[in-house]
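Keep in mind the model is a prediction, meaning the values are calculated, not measured. By convention in this document, chain letters (A, B, ...) are assigned in the order of the sequence lines, proteins followed by strands, and residues within each chain are numbered from 1.
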Amino acid sequence: MVELQNVSVTYSSGVDALNNVSLKINDGDFAFVVGSSGAGKSTMIKLLLKEIDATSGVVTVNGYNLNKLKKRKIPEFRRTLGFVFQDFRLIPSMTVYENIAFVLRVIDAPLKYIRKRVPYVISLVGLHAKTNSYPDELSGGEKQRVAIARALVNDPQLIIADEPTGNIDPELSYEIVELLKGINDQGTTILMVTHEHDLVRHFGGRIINITDGEIVFDEIIAGTNDEPLPEEELAQTMAKAEENQPQENESGSAPASPQSTEDALIDEVIASIIAGNDQGGAE
Amino acid sequence: MKLSGVKYLANQGVENIWKNKMMAFATFCVLLISLLLVGSAVLFYMNMNSMIMGLGNQNEIAVYMDPSLSQEDVDSFAEKLKTMDNVDSVEYVSKEEAYQRMQSQISEGKAIFDYIDGYDFMPDGFSVTVINNDQIENTTMLINQDPMVRSASSSPQVAEFLRELRKVVTLIASAIIIALAIVSMIMISNTTKASVFARREEIMIMKYVGATNAFIRTPFFVEGMITGFFAGAGAFFITWAVYRAVYRILTEQGMLMRAFGIGSLIPFASLRLYVALAYVIAGALIGALGSVISTRRHLDV
Ligand SMILES: Nc1ncnc2c1ncn2[C@@H]1O[C@H](COP(=O)(O)OP(=O)(O)OP(=O)(O)O)[C@@H](O)[C@H]1O
Ligand SMILES: [Mg+2]
């Protein structure tokens with residue numbers, strides 16, 4: 001579980017990267033975080049990993065109050081989550097196997113378990129043939145799958161991904177998100193920052209838009225290619241989307257045609273969300 | 001931590017040397033040079049010291065007996081001398097030898113001996129060497145107190161001079177050794193810092209996956225220790241070879257030996273164990289600590 005309560009972050013340079021942000025992500029959720037460049041998305045991720053501290057407000061992750069977390073407790077806390085970054089962050093001097101096994105060695109897992117678990121997660125991400133390769137010998141997509149395998153190898157409650165598809169082919173992006181979705185189906189909470197409109201449109205789900213350090217939109221949207229949401233849920237989503245429409249009208253956008261298909265409406269909303277158009281989803 | 005965990009970390013340390021062989025080699029070289037610098041300064045000092053002590057041992061007390069004493073009295077006095085504190089050796093100097101010594105010590109006005117007939121007027125004497133040259137004045141005084149002795153004299157200036165010389169040499173040597181040690185520390189710290197810096201990314205990633213500082217540092221510790229150990233061993237063998245060569249050259253020159261007390265150079269055999277232990281322990285310790293300390297600034301993520 002992730003909870004931000006009135007969190008602000010001001011860098012020492014004076015930049016206000018996050019401004020009074022409150023957010024709650026429940027166990028088992030899958031959430032996309034979108035927003036334009038420099039909006040504060042990575043800052044939020046850094047907060048959740050306790051790479052930086054909030055200037056004010058309370059950050060709680062997996063039951064740890066990060067404001068009060070002692071330095072020597074940080075390793076213990078980080079073991080409860082997995083991370084996936086745009087730049088992969090694999091240890092170049094270690095093979096695929098060793099990179100993944102390292103997470104289990106850190107927690108002093110029995111050797112027997114490591115020998116069973118690591119090949120299993122490697123096969124989950126379909127990299128069996130690359131077990132003994134070094135990161136330099138892998139493609140971007142393969143590296144990212146290793147990173148995902150590493151993120152899930154110790155069964156974390158939460159996986160945090162900052163633009164995991166940022167450095168790989170768009171077609172491969174879908175595979176990566178499918179993988180994360182699959183992990184989410186097993187109960188792991190997933191928070192994924194992305195820039196890719198198509199991905200969000202395709203998968204739908206909870207979408208959080210951060211613009212200029214503030215959350216300007218936080219709704220569940222049906223994906224175009226997702227299994228359709230149950231009828232009532234979809235209706236609710238539509239109702240919410242329509243609620244937002246009038247505000248858009250006030251600010252001068254063309255009114256959505258009542259005859260527009262559901263897909264088109266969703267497309268429109270997502271487009272405005274991703275464009276970081278805060279009028280589109282003002283709360 | 002389980003045994004398998006400890007084994008893993010130790011293995012990582014060994015593997016890391018191979019994986020980062022360039023940096024490990026740089027660390028090895030810097031450690032080797034540092035150990036050689038400080039080690040040879042220490043050895044040089046020890047030998048200087050030993051030489052000065054050796055010179056002091058050449059300092060003698062010249063004892064002249066009362067000429068009226070009988071041969072038995074003189075002989076029994078010799079026995080008494082030998083049992084005195086701080087007395088190393090007692091050498092009997094006959095009247096004839098005493099006369100010759102006197103003759104050789106007087107360079108000008110040798111003609112005076114033409115007027116002297118025989119050497120019977122010379123007293124019996126002893127040439128006494130002491131164990132501790134610093135105490136020579138005291139010993140001389142004690143001998144002088146004996147009523148059988150007409151005169152006992154040593155050169156207090158020589159003793160004093162050698163004492164001062166040792167102080168100065170110790171002071172200069174300490175300064176040089178400390179300076180070399182500081183320079184070495186700086187060199188080693190920069191090298192290990194560079195070596196760790198090259199792997200800061202790796203350290204950061206380890207921290208992200210929840211590794212504790214101790215977990216990350218242990219391989220660095222092992223790595224530094226092994227590198228340092230080999231640097232120590234290398235320094236030992238180089239020192240051994242060079243020391244023996246220099247020792248041989250210096251001690252082969254008999255004249256130098258007598259003039260500068262080079263005979264009291266310390267043979268390597270009597271130092272070998274200490275030199276080996278000192279190098280290897282210092283190398284391993286400095287290597288391990290240097291590498292661990294350098295990780296600190298990168299662990300704070
Ligand atoms: N370490 C830092 N020191 C000072 N300012 C920073 C630092 N990191 C980020 N910022 C600033 O904080 C703001 C938010 O940055 P952040 O990295 O969170 O954006 P982002 O939403 O992740 O952008 P992008 O989509 O480009 O990755 C930006 O104005 C950025 O310049
Ligand atoms: Mg970012």
Notebook entry, point to check: So does Arg199(B) pair up with Glu223(B), basic N to acidic O under 4.0 Å?
Noted result: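 Yes, Arg199(B) and Glu223(B) are salt-bridged.
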Item checked: Pair Arg105(A) + Glu98(A): basic N to acidic O under 4.0 Å ->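 The answer is yes: the pair qualifies as a salt bridge.
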Next item on the list: Under 4.5 Å heavy-atom distance to chain B, tell me which part of Arg150(A) shows up: side chain, backbone, both or neither.
Entry: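 Only the side chain of Arg150(A) comes within 4.5 Å of chain B.
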Margin query: Please classify the contact of Leu90(A) with chain B as side chain, backbone, both or neither, using a heavy-atom distance under 4.5 Å.
Written below: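 The answer is the backbone of Leu90(A).
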Next item on the list: Kindly state whether the ring of Phe236(B) and the ring of Tyr279(B) have centres lying under 6.0 angstrom apart.
Entry: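 Centroid separation for Phe236(B) and Tyr279(B): 6.0 Å or greater.
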Check: Would Phe83(A) and Tyr208(B) count as a close aromatic pair, with their ring centres under 6.0 Å?
Finding: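 Close enough - the centres of the two rings lie under 6.0 Å apart.
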Note to self: Can you tell me which of Ala151(A), Gly82(A), Ser93(A) forms the most heavy-atom pairs within a distance under 4.5 Å of chain B?
What the structure shows: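 The candidate making the most pairs under 4.5 Å is Ser93(A).
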Checklist line | Option in Leu9(B), Ile205(B), Ile216(B), Asn20(B) with maximal non-hydrogen atom pairs under 4.5 Å from chain A | finding: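 Most pairs with chain A among the choices: Ile205(B).
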Check: Measuring heavy-atom distances to chain A, does Glu15(B) have an atom under 4.5 Å in its side chain, in its backbone, in both, or in neither?
Finding: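 Glu15(B) has no heavy atom closer than 4.5 Å to chain A.
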Next item on the list: Please state whether the side chain, the backbone, both or neither of Met206(B) comes within less than 4.5 Å of a heavy atom of chain A.
Entry: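 Contact with chain A involves both backbone and side-chain atoms of Met206(B).
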Notebook entry, point to check: Do Pro119(A) and Tyr97(A) come within less than 4.5 Å of each other through their side chains, counting heavy atoms only?
Noted result: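 A side-chain contact exists here, since the closest heavy-atom pair is under 4.5 Å.
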